[in-house]
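Before any comments, here is the structure.
Excluded from the calculations below are hydrogen atoms, water molecules and symmetry mates; all remaining heavy atoms, backbone and side chain alike, are included. Note on naming: letters A, B, ... go to the chains in the order of the sequence lines (proteins, then strands), and numbering restarts at 1 for each one.
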Amino acid sequence: MTSIPATTPTVPPSAASLPSAAVPASEGSDGSQLHAPVTDWFDAHARDLPWRRPEAGAWGVMVSEFMLQQTPVSRVLPVYEQWLARWPRPADLAAEAPGEAVRAWGRLGYPRRALRLHAAALAIQERHGGDVPREHGQLLALPGVGEYTAAAVASFAYGQRHAVLDTNVRRVFARAVTGRQFPPNATTAAERKLARALLPGDERIAAKWAAATMELGALVCTARSPECGRCPIAARCAWKLAGSPPHEGPARRTQTYAGTDRQVRGKLLAVLREALAPVPQAALDAVWDEPVQRARALDGLVSDGLVEPLPGGRYRLPRT
DNA sequence: TACCCGTGGAC
DNA sequence: TGTCCAAGGGT
């Protein structure tokens, strides 16, 4: 659990910046009616996750954020524990070959994240003396750190006041405030504006609010079957008050996987992760029978820096 | 902006 | 069984 105390929100940010249609007039247009119910719910129901414990530190928070990108908590937990035990500081990871990060990433998926986390550790070592930077702009400049991750690290690790907009928060706001079942496909300027307007003015409370809205989206206001009976703001939820209307607009495109280059890349990289020595071409050829696609996938892995080709047609995870 | 990038569990 | 979904980032 986080140690941030539950208190009453202080003076909210400018209500004038909020889109007039976004919040019912009766609510008070700053979202302050939502803060206490959500943060109180968080105090009572938040999961005890290792990266939320004080001993995780900023590095632990950062590692968890990389791993959690598009990946469920349950799959991250064991890899996170092994990772932090092996590389407890950025300098420890920076001293390793990037291929070891890819190997330790295991089957989390999107292995480029492992490469970027390794590159971020190098950058932290070189640019910040081995300490995860505190400033949002410095975080954003690190490899693999985008708008969400920079805000998340600044908020969760350092208790700063940032709008943290992940898929959970976007869904919670879409429903509770905007009255829609799902947020837009891509994050919009209106969503950023709304998130800033709803952010509590007090730094500590804002950080708790960020974690609490994410947790609410992850545990209660879920994509498929929200449990409104357990929601602390159900009585104020614009979508529920409107009768829970179904999603309108373009269907969110469903990504296929079987037969794609991504699947082939995954199979190729799995062979290299398990291998303790350079792998001959024939071992890679065995994972996919279509030679053109297989070659394209391998080329992609090499150009991404995930695979290092050696003389004689052998391959391994990158040493440099 | 739209698309690419892994993996596996839930329904 | 196939679809949907998961704490996004880079290009």
Side-chain angles (χ1 to χ4, degrees), chain A residues 42 46-47 49-52 56 60-80 102 105-117 119-120 139-157 162-172 181-189 191 195 207 210-219 221-226 247 250-273 287 293 296-297 299-301 303-307:
Chain A
F42 184 70
R47 291 166 292 180
L49 300 171
W51 44 85
R52 287 177 176 164
V61 171
M62 187 169 164
V63 169
S64 77
E65 292 302 338
F66 270 74
M67 292 182 173
L68 287 163
Q69 290 169 7
Q70 300 287 285
T71 308
V73 166
S74 59
R75 299 230 316 278
V76 166
L77 282 170
V79 182
Y80 172 88
V102 174
W105 200 254
R107 305 189 66 79
L108 280 184
Y110 293 142
R112 292 190 295 191
R113 293 181 291 166
L115 227 42
R116 290 176 183 143
L117 182 51
L139 289 164
L140 195 57
L142 297 173
V145 176
E147 179 181 351
Y148 160 76
T149 302
V153 173
S155 183
F156 302 151
H162 291 281
V164 180
L165 260 189
D166 79 322
T167 188
N168 290 304
V169 176
R170 295 180 63 220
R171 188 175 54 250
V172 169
Q181 186 180 20
F182 296 114
N185 280 330
T187 304
T188 62
E191 288 182 277
T213 47
M214 284 180 63
E215 192 78 336
L216 187 61
L219 297 184
C221 192
T222 58
R224 218 180 293 219
S225 53
H247 180 68
R252 291 158 308 157
R253 41 179 306 120
T254 167
Q255 54 168 352
T256 55
Y257 180 67
T260 62
D261 285 5
R262 293 157 77 179
Q263 184 182 21
V264 183
R265 286 167 58 108
K267 287 179 175 294
L268 292 171
L269 204 57
V271 171
L272 293 167
R273 272 200 312 267
V287 306
Q293 186 179 29
R296 183 172 67 237
D299 284 349
L301 289 170
S303 63
D304 283 347
L306 283 163
V307 172

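- For the C1' atoms, the distance from dT1(C) to dG8(B) is 15 Å, rounded to whole Å.
- Map Thr187(A) and Arg107(A) each onto its nearest nucleotide of DNA chain B; the residue landing nearer the 5' end is Thr187(A).
- Exactly one residue among Leu306(A), Leu272(A), Val264(A) makes a side chain to side chain contact (heavy atoms under 4.5 Å, CB included) with Leu301(A). That residue is Leu306(A).
- The distance between atom CG of Asn185(A) and atom C1' of dT1(B), rounded to the nearest whole Å, is 11 Å.
- Between the CG atom of Leu115(A) and the P atom of dC5(B) there is a distance of 16 Å, given to the nearest Å.
- The side chain of Arg273(A) contributes an N or O atom lying less than 4.0 Å from OP1 or OP2 of dT7(B).
- Using a 4.0 Å heavy-atom criterion, one finds that Trp51(A) contacts the bases of the nucleic acid, with or without backbone contacts as well.
- At a threshold of 4.0 angstrom between heavy atoms, the contacts of Ser74(A) with the nucleic acid are absent.
- Looking at heavy-atom distances under 4.0 Å, Arg171(A) makes contact with sugar-phosphate atoms alone, never a base.
- In this structure, Gln293(A) atom CD and dC5(B) atom P are separated by 10 Å, rounded to whole Å.
- Of the P atoms belonging to dC11(B) and dA7(C), the separation is 15 Å, rounded to the nearest Å.
- Regarding Arg262(A), its CZ atom lies at a distance of 10 Å from the P atom of dT7(B), rounded to whole Å.
- Nucleic acid contact class of Gly146(A) (heavy atoms, under 4.0 Å, all strands): sugar-phosphate only.
- Rounded to an integer number of Å, the gap from Leu108(A) CG to dG8(B) P is 10 Å.
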CA sep, side-chain torsions, deciding dist, call: Asp166(A), Val169(A), side-chain contact (heavy atoms from CB on, under 4.5 Å): CA-CA 5 Å; Asp166(A) 79 322; Val169(A) 176; 3.0 Å; yes
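- Under 3.5 Å, the side chains of Glu65(A) and Tyr148(A) contain a donor-acceptor pair of N or O atoms.
- Look at the C1' atom in both dG10(C) and dT1(B): the space between them is 13 Å, to the nearest Å.
- DNA chain C is contacted by both Thr71(A) and Ala150(A); Thr71(A) maps to the nucleotide lying nearer its 5′ end (nearest heavy atom per residue).
- Distance CZ (Arg75(A)) to P (dA10(B)): 11 Å, rounded to an integer number of Å.
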Evaluation steps, side-chain contact (heavy atoms from CB on, under 4.5 Å), between Trp51(A) and Met62(A): CA-CA 9 Å; Trp51(A) 44 85; Met62(A) 187 169 164; over 6 Å; no
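- An OP1 or OP2 oxygen of dG6(B) is reached within less than 4.0 angstrom by no side-chain nitrogen or oxygen of Tyr257(A).
- Put simply, CZ on Phe66(A) and OG1 on Thr71(A) are 12.5 Å apart, with the number rounded to the nearest 0.5 Å.
- One interatomic measurement links the two molecules: CG of Leu306(A) to P of dG6(B), which rounds to 7 Å at whole-angstrom precision.
- No option in Leu68(A), Leu49(A), Val63(A) other than Leu68(A) meets the side chain to side chain contact (heavy atoms under 4.5 Å, CB included) test with Val76(A).
- The distance from atom OH of Tyr110(A) to atom P of dC3(B) is 14 Å, rounded to the nearest whole Å.
- Thr167(A) comes within contact range of the sugar-phosphate backbone alone, with a heavy-atom separation under 4.0 Å but no base atom that close.
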Yes or no on side-chain contact (heavy atoms from CB on, under 4.5 Å) for Arg112(A) and Arg265(A), after CA distance, side-chain angles and deciding distance? CA-CA 11 Å; Arg112(A) 292 190 295 191; Arg265(A) 286 167 58 108; 4.3 Å; yes
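- Heavy atoms of Gln263(A) sit nowhere under 4.0 angstrom from any nucleic acid atom.
- The residue among Pro143(A) and Pro72(A) whose nearest nucleotide of DNA chain C lies closer to the 5′ end is Pro72(A).
- Between Tyr80(A) and Gly60(A) the shortest heavy-atom distance is CE1-O, 3.3 Å.
- Contact annotation for Arg224(A): base contact, defined as any heavy-atom pair under 4.0 Å involving a base atom.
- No engagement by Val76(A) is indicated, since no non-hydrogen atom pair under 4.0 Å with the nucleic acid exists.
- For DNA chain C, the span of nucleotides reached by chain A at under 4.0 Å from its heavy atoms goes, 5' to 3', from dC4(C) to dG10(C).
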For Arg262(A) and Tyr110(A), run side-chain contact (heavy atoms from CB on, under 4.5 Å): C-alpha distance rounded to whole Å, both residues' side-chain angles, the deciding distance at 0.1 Å, then the answer. CA-CA 9 Å; Arg262(A) 293 157 77 179; Tyr110(A) 293 142; 2.9 Å; yes
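- Using a 4.0 Å heavy-atom criterion, one finds that Ala152(A) contacts no nucleic acid atom at all.
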